[in-house]
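Here the structure comes first, spelled out in structure tokens, and everything after it is commentary.
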Amino acid sequence: MIQSLQKDILHEVDDTNLRVIVIAANGPVFSSGHNLKEFTAAHGKSYHADVFNACVKLMTTIQTIPVPVIAQVNGLATAAGCQLVASCDIAIASDKSKFATPGVNVGLFCSTPAVALARAVPKKVALEMLFTGEPISAHEALMHGLVSKVVHEENLEEETMKIAQKICQTSRTVVALGKATFYKQISQSLEEAYRLTSQVMLQNLMLRDGQEGIEAFTQKRKPIWTNSVE
């Protein structure tokens, strides 16, 4: 599943017609994370390392590709499944969804899910989830910043598509520049972040779509995006 997601996310990722990716699931579980049967001693350390490395590669790919990735969550997201939600740029959840990092209860602490979780929710919230393995509700996840929005199950796809369509109305080039810069500056000091983003805004202004957007605004018309990297 990890390899399949990796392949699908990178499929035609450089095609300018690709504007946004939505990750959704069928059934009552969004993602239950790793198959613990793969982590028995019989599989060996090398195989275990391959699984973890593939998972890390997937999570980092989500945040480094040029288009936004939305998690459409309807059900349970645990361990690496919770990590997947936390790694997505936007997460829309149904009100029946729950989120947990329960590895501690089976003797395998959710250390890699903790990386994404700790960057999405306050430290004490993350640690309670990690130390107890207890799930939090969709509304708790919203309150703590793990998800962007919570809606009724019957409205989940509609709300997700509404956000996706809004993104599709913007310039792919501008969004790609903004996404890359956001993740780069978030780990920097205040001074470094402002230095970086000031330069990026100058770069943005020099883009064809940067000028088109400003001209369209002043001329009171809709912009015609080229999605050009120039």
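Position 1 is the first residue of the sequence; numbering continues from there.
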| Is it the case that more than 12 heavy atoms not belonging to Q219 sit under 6.0 Å from its CD atom? | yes
| query | Can you tell me if W225 uses its side chain to pair, donor with acceptor, with the backbone of V174 under 3.5 Å? | reply | no
| What do the steps show when you test R208 against V229 for side chain to side chain contact (heavy atoms under 4.5 Å, CB included), and what is the final call? | CA-CA 8 Å; R208 191 176 299 172; V229 295; over 6 Å; no
Listing, residues 193-206 side-chain donor-acceptor contacts under 3.5 Å, not counting sequence neighbours, or none:
residue : atom : partner : partner atom : Å
T197    : OG1  : A193    : O            : 2.8
T197    : OG1  : Y194    : O            : 3.4
S198    : OG   : Y194    : O            : 2.7

| task | Classify the angle between the aromatic ring planes of F39 and H48 as parallel (below 30°), tilted (30 to 60°) or perpendicular (above 60°). | result | perpendicular
| said: Does this structure show an ion pair linking K162 with E157, if we count only N-O contacts that are shorter than 4.0 Å? | reply: no
| field | Min side-chain heavy-atom separation K98-I136 under 4.5 Å | value | no
| Could you state the interatomic distance from OG1 (T181) to CD1 (I186), rounded to the nearest 0.5 Å? | 12.0 Å
| remark: Scanning both residues in full, the closest heavy-atom pair of A25 with V29 reads CB-O, 3.8 Å
| message | Would you say that I167 contacts I90 through its side chain, given a criterion of any heavy-atom pair below 4.5 Å between the two side chains? | response | yes
| request: Measure the spacing between SG of C55 and CD of Q83 and express it to the nearest 0.5 Å. | output: 4.5 Å
| message | Would you say that more than 12 heavy atoms from the other residues, nucleotides or ligands in this model lie under 6.0 Å from the CG of L18, or not? | response | yes
| message | How close do I65 and I21 get, counting heavy atoms only, and between which atoms? | response | CD1-CD1, 3.8 Å
| message | Test your reading of the model: is there a side-chain donor-acceptor pair from T160 to the backbone of Q72, 3.5 Å cut-off? | response | no
| Which pairs count as salt bridge (charged side-chain N to carboxylate O under 4.0 Å, His left out) when at least one residue sits in residues 177-186, sequence neighbours excluded? | D89-K179
| field | pair V125-L117: side-chain heavy atoms closer than 4.5 Å | value | no
| From CA spacing to verdict: side chain to side chain contact (heavy atoms under 4.5 Å, CB included), L76, F30 | CA-CA 5 Å; L76 189 63; F30 174 76; over 6 Å; no
| message | Please determine whether residues M143 and V150 belong to a single hydrophobic cluster, defined as Ile, Leu, Val, Met, Phe, Trp and Tyr linked transitively by side-chain heavy-atom distances below 4.5 Å. | response | no
| task | Kindly indicate, with the supporting measurements, whether the criterion salt bridge (charged side-chain N to carboxylate O under 4.0 Å, His left out) is fulfilled by E128 and K123. | result | CA-CA 9 Å; E128 181 180 346; K123 180 173 65 175; over 6 Å; no
| Rounded distance (nearest 0.5 Å) linking atom NZ of K149 with atom CD of E159 | 4.0 Å
| task | Assess whether side chain to side chain contact (heavy atoms under 4.5 Å, CB included) is satisfied between V20 and I163, documenting all intermediate values. | result | CA-CA 10 Å; V20 62; I163 294 170; over 6 Å; no
| message | Tell me if a side-chain donor or acceptor on R119 pairs with a main-chain N or O of A114 at a distance below 3.5 Å. | response | no
| query | Between F99 and I62, is there a shared hydrophobic cluster once you connect ILVMFWY residues whose side-chain heavy atoms come closer than 4.5 Å? | reply | yes
| said: Please report the interatomic distance CG(L5) to CE(M59), rounded to the nearest 0.5 Å. | reply: 8.5 Å
| When you measure from the side chain of T101 to the backbone N and O of M129, does any donor-acceptor pair fall under 3.5 Å? | yes
| query | Are E215 and R221 close enough that some pair of their side-chain heavy atoms sits under 4.5 Å apart? | reply | yes
| task | Write down the atom of V151, the atom of L156, and the distance for their closest heavy-atom approach. | result | CG2-CA, 3.6 Å
| request: List the atom of D15, the atom of R172, and the distance in Å for their closest heavy-atom pair. | output: O-NH1, 3.0 Å
| CD of E153 to NZ of K96: how many Å apart, nearest 0.5 Å? | 4.0 Å
| Would you say the side-chain atoms of N53 pair up with the backbone N or O of A49, donor to acceptor, closer than 3.5 Å? | yes
| Looking at side-chain heavy atoms only, is the closest gap between V22 and M161 below 4.5 Å? | yes
| request: Would you check, one step at a time, whether the test side-chain hydrogen bond (donor to acceptor under 3.5 Å, both in side chains) holds for S97 with S94? | output: CA-CA 6 Å; S97 299; S94 70; 3.0 Å; yes
| request: List the steps, then state whether side-chain hydrogen bond (donor to acceptor under 3.5 Å, both in side chains) holds for D209 with T226. | output: CA-CA 6 Å; D209 280 353; T226 65; 2.9 Å; yes
| request: Check whether any side-chain heavy atom of V85 sits under 4.5 Å from a side-chain heavy atom of C82, and report yes or no. | output: no
| query | Should the heavy atoms of other residues, nucleotides or ligands under 6.0 Å from CG of N26 be counted, would the total exceed 12? | reply | no
| request: For the residue pair V175 and V67, establish whether any side-chain heavy-atom pair is separated by less than 4.5 Å. | output: no
| Pairwise distance CD1(I2) to CZ(F52) - rounded to 0.5 angstrom | 9.5 Å
| field | Evaluation steps, side-chain hydrogen bond (donor to acceptor under 3.5 Å, both in side chains), between Q6 and T61 | value | CA-CA 8 Å; Q6 179 78 17; T61 296; 3.1 Å; yes
| said: Would a single hydrophobic cluster contain both L146 and I92, if residues Ile, Leu, Val, Met, Phe, Trp and Tyr are joined by side-chain heavy-atom contacts under 4.5 Å? | reply: no
| task | Measure the shortest side-chain to side-chain distance between F109 and L130 over non-hydrogen atoms and say whether it is less than 4.5 angstrom. | result | yes
| request: May I have the step-by-step check of side chain to side chain contact (heavy atoms under 4.5 Å, CB included) for I23 and D8, ending in yes or no? | output: CA-CA 10 Å; I23 299 177; D8 288 344; over 6 Å; no
| query | Linking I/L/V/M/F/W/Y whenever any side-chain heavy atoms sit under 4.5 Å apart, do L84 and V13 land together? | reply | yes
| message | With a 3.5 Å distance limit and no angle check, can you tell me whether S137 reaches the backbone of E140 through a side-chain donor-acceptor pair? | response | yes
| Shared hydrophobic cluster, V121 / L142 (ILVMFWY, side-chain heavy atoms < 4.5 Å) | yes
| said: Within a 6.0 Å radius of atom NE2 on H43, are there more than 12 heavy atoms belonging to other residues, nucleotides or ligands? | reply: yes
